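Every value quoted in this text rests on a predicted model; they were computed, and no experiment measured them.
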Amino acid sequence: MTGLRYTLRQWRGRVGLPVEAMVCLALARLACLVMPFRLALRLVGLRPVPQSADRTGPLGPLDPRISAVAGMIARMAARAPFRAVCLQQSFAAALMLRRRGLPVDVHLGVRRENGVFAAHAWSLSNGHPVTGVPEAGVYQTVAILRAGQEHEC
């Protein structure tokens with residue numbers, strides 16, 4: 001019985017994370033599909049901030065929970081039975097990070113390629129990448145949405 005208890009203790013924190021990530025992705029997808037954008041932002045707990053409020057200073061501390069959330073969102077988005085695009089991944093990350101009391105910034109960007117506009121969303125926590133950051137370099141930021149530590153889920 002001691003081995004079973006040890007195994008359960010080892011997996012206690014890990015088993016819930018994939019389920020939480022999938023539920024947050026599903027909620028984010030549903031919110032994006034059926035709600036006006038302003039209401040979806042309120043649900044996720046994000047507020048628009050001026051771009052001048054964007055932190056360009058040194059990175060904040062890297063909390064291991066940031067990496068755990070980032071990795072799990074990427075894994076669950078790839079396995080989801082629905083299409084989880086960048087905006088939904090950013091919203092799901094915001095929900096999960098807020099739940100842990102960590103700040104999150106969701107950036108919305110656009111680019112124009114061959115006369116066609118494309119949009120992208122990516123998220124950061126304490127300046128550290130969470131979702132969509134590798135592709136963000138070619139997009140011009142048009143809005144920053146922020147949820148700070150003062151927000152509780």
Side-chain angles (χ1 to χ4, degrees), residues 1-33 35 37 40-109 119-153:
M1 194 63 148
T2 309
L4 177 61
R5 284 187 192 143
Y6 175 78
T7 302
L8 290 175
R9 263 187 267 126
Q10 291 296 314
W11 282 93
R12 182 178 10 177
R14 296 184 210 157
V15 171
L17 195 59
V19 172
E20 180 187 2
M22 190 62 77
V23 167
C24 287
L25 283 167
L27 283 173
R29 175 147 174 89
L30 186 62
C32 290
L33 286 174
M35 293 181 171
F37 189 67
L41 289 180
R42 188 176 292 170
L43 172 77
V44 177
L46 294 168
R47 294 190 177 132
V49 295
Q51 286 193 36
S52 60
D54 187 22
R55 291 187 301 163
T56 57
L59 295 176
L62 177 58
D63 190 305
R65 296 174 295 175
I66 296 171
S67 301
V69 166
M72 195 54 63
I73 290 286
R75 281 193 286 280
M76 292 297 105
R79 291 173 173 80
F82 50 85
R83 190 165 173 243
V85 296
C86 58
L87 183 63
Q88 293 143 7
Q89 290 177 36
S90 293
F91 280 9
L95 287 168
M96 292 178 72
L97 291 168
R98 281 187 56 230
R99 186 168 180 267
R100 288 158 177 76
L102 296 168
V104 61
D105 289 346
V106 173
H107 293 249
L108 305 177
H120 184 57
W122 62 97
S123 58
L124 304 166
S125 183
N126 284 335
H128 297 282
V130 182
T131 63
V133 174
E135 301 86 11
V138 297
Y139 290 88
Q140 175 67 42
T141 301
V142 294
I144 300 171
L145 311 167
R146 180 167 290 163
Q149 292 177 323
E150 70 276 1
H151 299 287
E152 295 278 326
C153 218

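- Closest approach of Val85 to Arg83, counting heavy atoms only: CG1-CZ, 3.5 Å.
- When all heavy atoms of Trp122 and Ala136 are compared, the pair lying nearest together is CD2-CB, 3.3 Å.
- Between Phe91 and Leu43, every side-chain heavy-atom pair lies at or beyond the 4.5 Å cut-off.
- Of all the heavy atoms in Ala121 and Leu108, the pair that sits closest is CB-CD2, 3.8 Å.
- Shown here for Thr131 and Ser90, the closest heavy-atom pair between the two residues is OG1-OG, 3.2 Å.
- The CG atom of Leu145 sits 5.5 Å away from atom CG of Leu41, with the distance rounded to the nearest 0.5 Å.
- Within the 3.5 Å criterion, the main-chain N or O of Arg100 finds a donor-acceptor partner in the side chain of Arg65.
- The closest side-chain heavy-atom distance from Leu27 to Val44 is not below 4.5 Å.
- Legend: residues meeting side chain to side chain contact (heavy atoms under 4.5 Å, CB included) with Arg42, ordered by chain and number and at least two apart, are absent.
- Just one residue in the list Val130, Val133, Ile66, Val104 forms a side-chain contact (heavy atoms from CB on, under 4.5 Å) with Leu124, and that residue is Val133.
- Distance alone, capped at 3.5 Å, is enough to place a donor-acceptor pair between the His120 side chain and the Gly132 backbone.
- Minimum interatomic distance between Ala70 and Pro129 (heavy atoms only, all atoms of both residues): CB-O, 4.4 Å.
- The CD atom of Gln89 sits 11.5 Å away from the CZ atom of Arg29 when rounded to the nearest 0.5 Å.
- A donor-acceptor contact shorter than 3.5 Å links the side chain of Ser125 to the backbone of Pro103.
- In terms of heavy-atom proximity, Ala147 sits nearest to Gly45 at CB-O, 3.3 Å.
- Leu46 contributes atom CG, which lies 12.0 Å from atom CD1 of Ile144 (distance to the nearest 0.5 angstrom).
- Phe82 has its side chain out of reach of Leu33: every pair of non-hydrogen atoms, C-beta onward, lies at least 4.5 Å apart.
- Note: Met96 CE to Met72 CE = 7.5 Å, rounded to the nearest 0.5 Å.
- If you take CD1 on Ile73 and OG on Ser123, they are separated by 8.0 Å, rounding to the nearest 0.5 Å.
- Atom NE2 in His128 sits 8.5 Å away from atom OG in Ser67 (nearest 0.5 Å).
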